[in-house]
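This chain uses plain numbering: 1 for the first residue, then up along the sequence. No hydrogens, no waters, no symmetry mates; every other heavy atom, side chains included, goes into these values.
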Amino acid sequence: MKAAELRAMTDEQLVLQLKEVTRQLFHLRVQASTERLETPSEIQKVRKDVARIKTIQRQRELAAAQQQPAASQQGA
């Protein structure tokens, strides 16, 4: 999944996508441990998707925290 697609999602959609990708990663790890995994590179792709989602969530969190003090200073 591309970062631009993830940035277009809402916060709720990102949380749901993270849960889905995490579940997918778990299933891939189980398949790898039972030697049923056809493409080992799939695990790396899914791990990068998890990292992308968490990065975007953190960027939004920091942006919200940065805007919050600015808004409280204007009211004072």
With side chains defined as the heavy atoms from C-beta onward, is the minimum distance between [X] and [Y] less than 4.5 Å?
X	Y	result
Gln24	Asp49	no
Arg58	Lys54	no
Leu28	Gln31	yes
Gln57	Val15	yes
Val46	Glu42	yes

Between atom [atom1] of [X] and atom [atom2] of [Y], what is the distance when rounded to the nearest 0.5 Å?
X	Y	atom1	atom2	result
Arg7	Thr55	CZ	OG1	8.5 Å
Lys48	Ile43	NZ	CD1	13.5 Å
Gln44	Arg47	CD	CZ	7.5 Å

For [X] and [Y], work out which heavy atoms get closest and say how close.
X	Y	result
Thr10	Arg60	C-NH1, 3.6 Å
Ile56	Ala3	CD1-O, 3.8 Å
Met9	Gln13	CA-OE1, 3.2 Å

Check your understanding: Would you say Glu61 has more than 12 foreign heavy atoms packed within less than 6.0 Å of its CD?
Key -> yes
